[in-house]
Amino acid sequence: MVREDGKRNFVMLEDGEKTRQFTGRMPRQAALKAARRLEGYDEYENESAAKSNPTKIRLLERGTDRIHVYHAWAWMDDAPNDKPDWMEGEISTVTKGNVSKQEIEHLE
């Protein structure tokens, strides 16, 4: 269901269990947030290496019967030169993520 601010809520499904909630205007925005929080991708230093080992994520859109299925991957990258003040000092890397939509499933 769409909130007053235009955002929608998505719940990640892992082994049939609802685990974490992500918010976004579009399903891809929520999937990108989920991709950056995947575990085990901190060893990859570029996108092509991470993309060779994607993780399947399933996001249930709250208030509907739609499950958005994505292949997701993440990698560590150098922080940008124009990083904000709060990132100064010890923060020198950031996690980036990307997704590729596979299908939309419907609950029965």
Side-chain angles (χ1 to χ4, degrees):
M1 298 189 63
V2 180
R3 300 185 327 196
E4 288 181 16
D5 60 2
K7 294 184 180 179
R8 299 166 9 193
N9 293 319
F10 300 88
V11 178
M12 183 179 278
L13 298 175
E14 294 177 291
D15 300 323
E17 298 290 320
K18 297 177 182 178
T19 56
R20 297 184 253 174
Q21 180 171 309
F22 299 96
T23 303
R25 290 186 183 271
M26 302 297 287
R28 185 172 192 277
Q29 186 178 22
L32 286 169
K33 291 177 183 180
R36 287 192 305 272
R37 289 164 180 81
L38 290 173
E39 294 180 12
Y41 280 93
D42 47 348
E43 67 214 39
Y44 297 110
E45 295 183 6
N46 59 48
E47 182 176 10
S48 60
K51 188 176 181 179
S52 65
N53 187 24
T55 299
K56 184 177 183 179
I57 61 173
R58 302 173 74 229
L59 297 175
L60 171 65
E61 185 173 350
R62 292 231 175 188
T64 71
D65 68 342
R66 292 183 293 228
I67 299 173
H68 302 269
V69 181
Y70 289 88
H71 282 170
W73 56 94
W75 67 98
M76 299 300 290
D77 201 0
D78 293 333
N81 292 334
D82 61 345
K83 59 186 175 183
D85 292 338
W86 59 267
M87 285 182 72
E88 292 298 329
E90 62 190 55
I91 300 177
S92 61
T93 60
V94 292
T95 303
K96 292 187 175 183
N98 206 348
V99 294
S100 173
K101 189 154 195 173
Q102 301 303 302
E103 64 181 314
I104 295 177
E105 299 173 355
H106 294 276
L107 291 177
E108 298 175 1

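Values reported hereafter were calculated over all heavy atoms of this structure, with side chains retained and with hydrogens, waters and symmetry mates removed. Index from 1, following the sequence.
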(request) Could you grab the distance from atom CD of Glu105 to atom CG of Asp65, nearest 0.5 Å is fine? (result) 11.0 Å

(message) Would you say Val11 ends up clustered with Leu107 if hydrophobic residues are merged whenever their side chains have heavy atoms under 4.5 Å apart, either directly or through other cluster members?
(response) no

(request) Find the distance between CG (Leu60) and CG (Asn9) and round it off to the nearest 0.5 Å. (result) 10.5 Å

(request) Please tell me if the side chains of Ser100 and Trp73 come closer than 4.5 Å, counting only heavy atoms from C-beta onward. (result) yes

(message) For a quick test of reading the model, state the closest non-hydrogen atom pair linking Ala50 to Trp75 and the distance between them.
(response) CB-CB, 4.1 Å

(message) Ignoring hydrogens, what is the shortest heavy-atom contact between Ala34 and Ile57? Give both atom names and the distance.
(response) CB-CD1, 4.1 Å

(request) Please tell me if the side chains of Met76 and Thr95 come closer than 4.5 Å, counting only heavy atoms from C-beta onward. (result) yes

(message) Less than 4.0 angstrom from a charged side-chain N to a carboxylate O is my criterion; do Lys96 and Glu47 meet it?
(response) no

(request) List for me each residue that meets salt bridge (Lys or Arg N to Asp or Glu O under 4.0 Å) alongside Asp42, sequence neighbours excluded, and say none if there are none. (result) none

(message) Counting C-beta onward and ignoring hydrogens, is there a side-chain heavy-atom pair between Arg8 and Thr64 closer than 4.5 Å?
(response) no

(request) List in chain and number order the residues that pass ring pair (Phe, Tyr, Trp, His ring centres under 6.0 Å) with Phe10, two or more places apart in sequence or in another chain; answer none if no residue qualifies. (result) His68

(message) Are His106 and Ile104 packed together at the side-chain level, in the sense that at least one heavy-atom pair is separated by less than 4.5 angstrom?
(response) yes

(message) I need the full list of ring-ring contact (aromatic ring centres under 6.0 Å, His included) pairs touching residues 82-104, with sequence neighbours left out, sorted by first then second residue.
(response) none

(message) Please check if the number of heavy atoms outside Glu14 that lie under 6.0 Å from its CD is greater than 12.
(response) yes

(message) Other residues, nucleotides and ligands only: do more than 12 of their heavy atoms fall within 6.0 Å of NZ on Lys33?
(response) yes

(message) Once salt bridge (Lys or Arg N to Asp or Glu O under 4.0 Å) is applied, do any residues pair with Asp5, and if so which ones, sequence neighbours excluded?
(response) Arg3

(message) Could you measure the distance from the NZ atom of Lys18 to the CZ atom of Arg58? Nearest 0.5 Å is fine.
(response) 12.0 Å

(message) Can you confirm whether Lys7 is buried at NZ, in the sense that more than 12 heavy atoms of other residues, nucleotides or ligands lie under 6.0 Å from that atom?
(response) no

(message) For Phe22, give me all partners under ring pair (Phe, Tyr, Trp, His ring centres under 6.0 Å), at least two apart in sequence or on another chain.
(response) none

(message) Working to the nearest 0.5 angstrom, can you tell me the gap between Leu59 CG and Lys101 NZ?
(response) 9.0 Å

(request) Check the surroundings of atom CE in Met26: do more than 12 heavy atoms from other residues, nucleotides or ligands lie under 6.0 Å from it? (result) no

(request) State, with a plain yes or no, whether a side-chain heavy atom of Lys56 is found less than 4.5 Å away from one of His71. (result) yes

(message) Can you confirm whether Gln21 sits close enough to Arg62 that some side-chain heavy atom of one is under 4.5 Å from a side-chain heavy atom of the other?
(response) yes

(message) Test of understanding: with side chain to side chain donor-acceptor pair (under 3.5 Å), list the residues that count as partners of Arg28, not counting sequence neighbours.
(response) Asn98

(request) Count the heavy atoms belonging to other residues, nucleotides or ligands that lie under 6.0 Å from CD of Glu17, then report whether that count exceeds 12. (result) no

(request) Identify the heavy atoms of Gly24 and Gln29 that sit nearest to each other, and give their distance. (result) CA-OE1, 3.3 Å

(request) Carefully, step by step, assess Lys83 and Val94 under the rule side chain to side chain contact (heavy atoms under 4.5 Å, CB included). (result) CA-CA 10 Å; Lys83 59 186 175 183; Val94 292; over 6 Å; no

(message) Measuring from atom CD1 of Ile67 to atom CD of Glu61, what distance do you get when rounded to the nearest 0.5 angstrom?
(response) 11.0 Å

(request) Please report the closest heavy-atom contact between Tyr41 and Ala72, naming both atoms and the distance. (result) OH-O, 3.4 Å

(request) For Ala49 and Ser52, work out which heavy atoms get closest and say how close. (result) O-OG, 2.6 Å

(message) In this structure, would Leu38 and Tyr70 fall into the same cluster of hydrophobic residues linked by side-chain contacts under 4.5 Å?
(response) yes

(message) Within this structure, what is the OG1-CG distance for the pair Thr93 and Asp78, rounded to the nearest 0.5 Å?
(response) 7.5 Å

(message) If I compare all heavy atoms of Gly40 with all of Glu43, which pair ends up nearest, and what's the gap?
(response) O-OE1, 3.4 Å

